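Worksheet: one structure, shown below.
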Amino acid sequence: IGVITKIDIMDQGTDAVKMLRGEDIPLRLGYVGVKMRNQQDITNNKPVKVSLKEEREWFDNHRLYNKLPPGLVGTDTLITKLTQILFKHIRRFL
């Protein structure tokens, strides 16, 4: 699984849409784009819950990323995918 971090600070005029769709370098488990907290948020002790809400709003309001199919962006998506992968591995060895 590929994780594209700090997707919100990409250079003007660039985006990660092709990569998120697996068009540049395909990965078996795909990609997930995340915004993540910045250093100021961490320094100011911004709650993670607030940061996750702001991340979701940022992706929902982005002119390109809001048009992507579900399951390609957001920390919540990454958590879900990683949890599913972990459960599959655990089941395989029990």
Side-chain angles (χ1 to χ4, degrees):
I1 190 164
V3 181
I4 304 170
T5 63
K6 304 287 186 179
I7 203 166
D8 57 317
I9 59 172
M10 291 183 72
D11 289 338
Q12 187 77 21
T14 62
D15 62 72
V17 171
K18 280 187 166 185
M19 186 165 285
L20 288 168
R21 288 185 176 155
E23 295 173 13
D24 286 336
I25 303 169
L27 292 178
R28 186 170 53 87
L29 298 174
Y31 292 87
V32 178
V34 294
K35 182 176 173 286
M36 301 179 71
R37 299 189 302 164
N38 59 36
Q39 188 58 49
Q40 185 174 1
D41 292 343
I42 295 167
T43 302
N44 293 341
N45 293 318
K46 181 185 277 188
V48 172
K49 196 175 251 186
V50 172
S51 294
L52 291 173
K53 181 179 180 286
E54 289 175 355
E55 178 193 52
R56 174 57 37 218
E57 290 170 356
W58 188 85
F59 281 119
D60 287 346
N61 293 316
H62 192 276
R63 65 183 180 79
L64 296 174
Y65 299 129
N66 70 355
K67 293 173 180 59
L68 290 171
L72 296 180
V73 296
T75 301
D76 53 341
T77 298
L78 180 60
I79 291 168
T80 300
K81 284 187 174 196
L82 290 175
T83 302
Q84 289 171 351
I85 292 167
L86 178 63
F87 283 158
K88 284 179 184 176
H89 284 292
I90 290 171
R91 269 192 239 119
R92 204 172 358 165
F93 291 103
L94 289 179

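Worth saying up front: this structure is predicted, and the values here are computed from it rather than measured. Just the heavy atoms: all of them, side chains too, but no hydrogens, waters or symmetry mates, feed the values below.
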**Prompt:** So if you build clusters from Ile, Leu, Val, Met, Phe, Trp, Tyr with side-chain heavy-atom gaps below 4.5 Å, do I85 and F93 land together?
**Reply:** no

**Asked** With distance as the sole test, does K46 use its side chain to make a donor-acceptor pair with the main-chain N or O of N38 at under 3.5 Å?
**Response** no

With a cut-off of 3.5 Å and sequence neighbours excluded, list every side-chain donor-acceptor pair involving residues 16-26.
none

**Asked** Looking at D76, T75, L82, which one forms a side-chain contact (heavy atoms from CB on, under 4.5 Å) with I79?
**Response** T75

**Asked** In Å and rounded to the nearest 0.5 Å, what is the CD1 to CD distance from I42 to Q39?
**Response** 5.0 Å

**Request:** Drop me the distance from W58's CH2 to H62's NE2, to the nearest 0.5 angstrom.
**Result:** 4.0 Å

**Item:** side chain to side chain contact (heavy atoms under 4.5 Å, CB included) assessment of V34 paired with E55
**Value:** CA-CA 8 Å; V34 294; E55 178 193 52; 3.6 Å; yes

**Message:** Check the orientation of F59 and Y65. Use parallel for under 30°, tilted for 30 to 60°, and perpendicular for over 60°.
**Reply:** perpendicular

**Asked** From I7 CD1 over to M36 CE, what is the distance, rounded to the nearest 0.5 angstrom?
**Response** 12.0 Å

**Request:** Evaluate the side-chain proximity of H89 to R92: yes if any heavy-atom separation is below 4.5 Å, no if none is.
**Result:** yes

**Asked** Roughly how far, to the nearest 0.5 Å, is CG of L72 from NZ of K67?
**Response** 14.5 Å

**Prompt:** In Å, rounded to the nearest 0.5 Å, how long is the span from CE of M10 to CD1 of I4?
**Reply:** 7.5 Å

**Request:** Please report the shortest heavy-atom distance between R56 and G74, naming the atom on each side.
**Result:** NH2-CA, 3.8 Å

**Item:** Rounded distance [0.5 Å steps], CG in L27 versus CD1 in I1
**Value:** 9.0 Å

**Message:** Keeping K53 on the side-chain end and K49 on the backbone end, is there a donor-acceptor pair under 3.5 Å?
**Reply:** no

**Message:** Quick check on the hydrophobic clustering: are L68 and L64 connected, directly or via other members, by side-chain heavy-atom contacts under 4.5 Å?
**Reply:** yes

**Message:** Can you tell me which residue among V73, T5, V32 is in a side-chain contact (heavy atoms from CB on, under 4.5 Å) with L78?
**Reply:** V32

**Asked** Short question: side chain of K88, backbone of T83 - any donor-acceptor pair under 3.5 Å?
**Response** no

